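Notes follow the structure.
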Amino acid sequence: MIRLRQLEVLCAVIDLGTTSGAAEVLSVSQPAVSNMIRHIEDLVGFPLFKREKGRLTPTPEALHIAQEAQHLFSQQKRVDRIINQLRGGTVGQLSVIATPSIGYVLLPRLITEFTRTRPRVQLSIELGSVDEIIQQLVSGRADLGFSITLPRHTALNVRSMAAGNMVCAMPEGHDLASSRRINVLDLNHVRHISYSSGTPLGQMVDEVYRRHGMERRYFCEVRHTSTALEMVAAGAGVALVDNFALLGVARPSIAVREIEPTMSVSLHGVTSNLFPTSHVAMQFQKFVHDALNDPEAMAAWGITTDYS
């Protein structure tokens, strides 16, 4: 069987007419080219050149082989180009699942910027709870997850992307808006939108009340901060939300205040240990990490970070 390198030597000799010229172009010795040509002729079982006065004239058979070889060379270049694109994260498939507070506004804007120079990346985006993120990743249906709640599973690799905190969101003009900081316990005295005790955020808030010997009260129970934030925007009441849910677009109808005691949260990037993580997924995870820690880049992309 003729190898690709042997075809390259054959085509070089045909193009240049001499073994010395081919040797110079291929950066090998002239005897090595001559030996290669003789070896190819032994492999195919018939002569490929007529030798006349130091020049090699290709036979019709040699020309036919060279013509077919050009298709292989073109395919090789295409494969090399695809490999370089995959290495650079400019092509491929990327399946992402995120919790709604990240997925509604922030994630679409970051993906838009990431794919601006990677138009051939095929995307799949889903929103789900932390349990759904775990299921998608361990089953191989998603490449990358983003969650405020720390996913706990031995088959997952979790990376901290950015540090954040819970803040109090309220309709613009609300009585609490006159305060610079809101005591979490004071939310019992207003129309409060909050999370069930079965959710990680609800448990976090419950712990604050438990330490003060109080029981949390609220008029509306939601599962996700994005839902709470939309209700606040509609004027339904006040809510504690993670600050990542506020990144993206300005919300003039909402006032945001810091809270006491401080309630810290983190944005986590999650991949599966059960399946190889694609290069494009690793690139996007790094892109998100770098973006969230670069306010100037976020501002340049029109992603609002000032929600105060």
Side-chain angles (χ1 to χ4, degrees), residues 98-107 127 129-131 133 145-152 158-172 174-233 236-248 251 254-270 288-289 292-293 295 298 304-308:
T99 48
S101 64
I102 306 164
Y104 276 132
V105 179
L106 178 61
L107 181 61
L127 305 184
S129 65
V130 64
D131 291 335
I133 290 175
F146 294 103
S147 174
I148 299 299
T149 303
L150 178 64
R152 300 185 184 278
V158 181
R159 177 187 179 187
S160 179
M161 308 294 289
N165 51 73
M166 300 294 285
V167 294
C168 185
M170 64 202 73
E172 186 67 43
H174 192 279
D175 290 345
L176 290 181
S178 60
S179 302
R180 293 186 59 186
R181 298 177 65 89
I182 306 299
N183 191 309
V184 173
L185 303 178
D186 291 340
L187 300 185
N188 268 6
H189 306 298
V190 297
R191 285 176 63 82
H192 179 200
I193 304 156
S194 197
Y195 316 97
S196 72
S197 296
T199 63
L201 289 181
Q203 293 166 3
M204 182 188 299
V205 182
D206 278 339
E207 177 60 22
V208 174
Y209 279 83
R210 187 194 64 77
R211 290 199 303 265
H212 291 82
M214 297 176 62
E215 182 178 347
R216 178 169 54 108
R217 295 196 301 270
Y218 49 87
F219 90 99
C220 180
E221 180 180 295
V222 297
R223 185 171 182 81
H224 300 293
T225 56
S226 54
T227 308
L229 191 58
E230 292 304 319
M231 292 194 68
V232 171
V238 304
L240 297 178
V241 300
D242 63 83
N243 67 302
F244 297 107
L246 294 161
L247 300 179
R251 291 176 174 268
I254 293 177
V256 180
R257 298 293 182 268
E258 295 181 354
I259 62 172
E260 53 185 25
T262 300
M263 298 169 61
S264 299
V265 294
S266 294
L267 174 57
H268 305 96
V270 194
V288 172
H289 173 272
L292 290 174
N293 292 279
M298 298 272 276
T304 300
T305 58
D306 182 11
Y307 50 79
S308 59

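Treat the numbers as computed from the prediction; the structure is a model and nothing was measured.
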Discussion item. Other residues, nucleotides and ligands only: do more than 12 of their heavy atoms fall within 6.0 Å of CZ on R211?
Written reply: yes
Worksheet entry | Donor-acceptor under 3.5 Å (R223 side chain, T199 main chain) | no
Item to complete: Report the C-alpha separation of L187 and Y218 in whole Å, then their side-chain angles, then the decisive distance to 0.1 Å, and conclude whether the side chain to side chain contact (heavy atoms under 4.5 Å, CB included) test is met.
Response: CA-CA 8 Å; L187 300 185; Y218 49 87; over 6 Å; no
Worksheet item: Would you say the side chain of F146 lies within less than 4.5 Å of the side chain of T99, judging by non-hydrogen atoms?
Response: no
Practice prompt. Could you pull out the closest heavy-atom pair between M161 and N293, with the gap in Å?
Written response: O-ND2, 3.1 Å
Fill in: pair E260-D186: side-chain heavy atoms closer than 4.5 Å
no
Practice prompt. Kindly compute the distance separating CG (L292) from CG (L106), expressed to the nearest 0.5 Å.
Written response: 5.5 Å
Response to the item:
For A255 and E172, the nearest pair of non-hydrogen atoms, with its separation, is CB-OE1, 3.8 Å
Fill in: N/O donor-acceptor pair under 3.5 Å between E221 side chain and Y195 backbone
no
Item to complete: Mind listing the closest non-hydrogen atom pair of S147 and V130 along with its distance?
Response: OG-CG2, 3.8 Å
Worksheet entry | Spatial distance of atom CE (M214) from atom CG (L185) [nearest 0.5 Å] | 5.0 Å
Fill in: Check: S226 main-chain N/O paired with H224 side-chain donor or acceptor under 3.5 Å
no
Worksheet item: To the nearest 0.5 Å, how far apart are OG1 in T149 and CG in L267?
Response: 11.0 Å
Discussion item. Could you check whether any side-chain heavy atom of V208 comes within less than 4.5 Å of a side-chain heavy atom of R216, counting everything from C-beta outward?
Written reply: no
Response to the item:
dist I254:CD1 -> H174:NE2 (nearest 0.5 Å) comes out at 12.5 Å
Discussion item. For A236 versus I193, what's the shortest heavy-atom pair and its separation?
Written reply: CB-CD1, 4.2 Å
Discussion item. Quick check: do P171 and V232 have side-chain heavy atoms less than 4.5 Å from each other?
Written reply: yes
Discussion item. For a 4.5 angstrom cut-off between non-hydrogen side-chain atoms, does V205 reach M166?
Written reply: no
Discussion item. Within 45 degrees of the ring normal and closer than 6.0 Å to the centroid, is that where the cationic atom of R191 sits relative to F219?
Written reply: yes
Worksheet, complete the sentence: Of all heavy-atom pairs linking A245 and T225, the shortest is CB-OG1, 4.1 Å
Worksheet item: How about E207 and M204: do any of their side-chain heavy atoms sit closer than 4.5 Å?
Response: no
Worksheet item: With no hydrogens and no angle check, is any side-chain donor or acceptor of R181 less than 3.5 Å from a backbone partner on I259?
Response: yes
Worksheet entry | Flag, side chain of H192 to backbone of R217, donor-acceptor distance under 3.5 Å | yes
Worksheet item: What closest approach, in Å, do L127 and Y104 show between heavy atoms, and which atom pair accounts for it?
Response: CD1-CE2, 3.5 Å
Fill in: Flag side-chain contact, heavy atom, 4.5 Å: R251 against V256
no
Worksheet item: Is there a donor-acceptor contact under 3.5 Å from the side chain of H268 to the main chain of I148?
Response: yes
Discussion item. So D175 and V190, do their side chains get closer than 4.5 Å, heavy atoms only?
Written reply: no
Practice prompt. Could you tell me whether the side chain of N188 and the main chain of E215 form a donor-acceptor pair under 3.5 Å?
Written response: yes
Practice prompt. Please assess V167 against V241 for the test side chain to side chain contact (heavy atoms under 4.5 Å, CB included), listing each intermediate value before the final yes or no.
Written response: CA-CA 6 Å; V167 294; V241 300; 3.9 Å; yes
Fill in: Interatomic spacing from CD1 in I102 to CG in D242 - rounded to 0.5 Å
7.0 Å
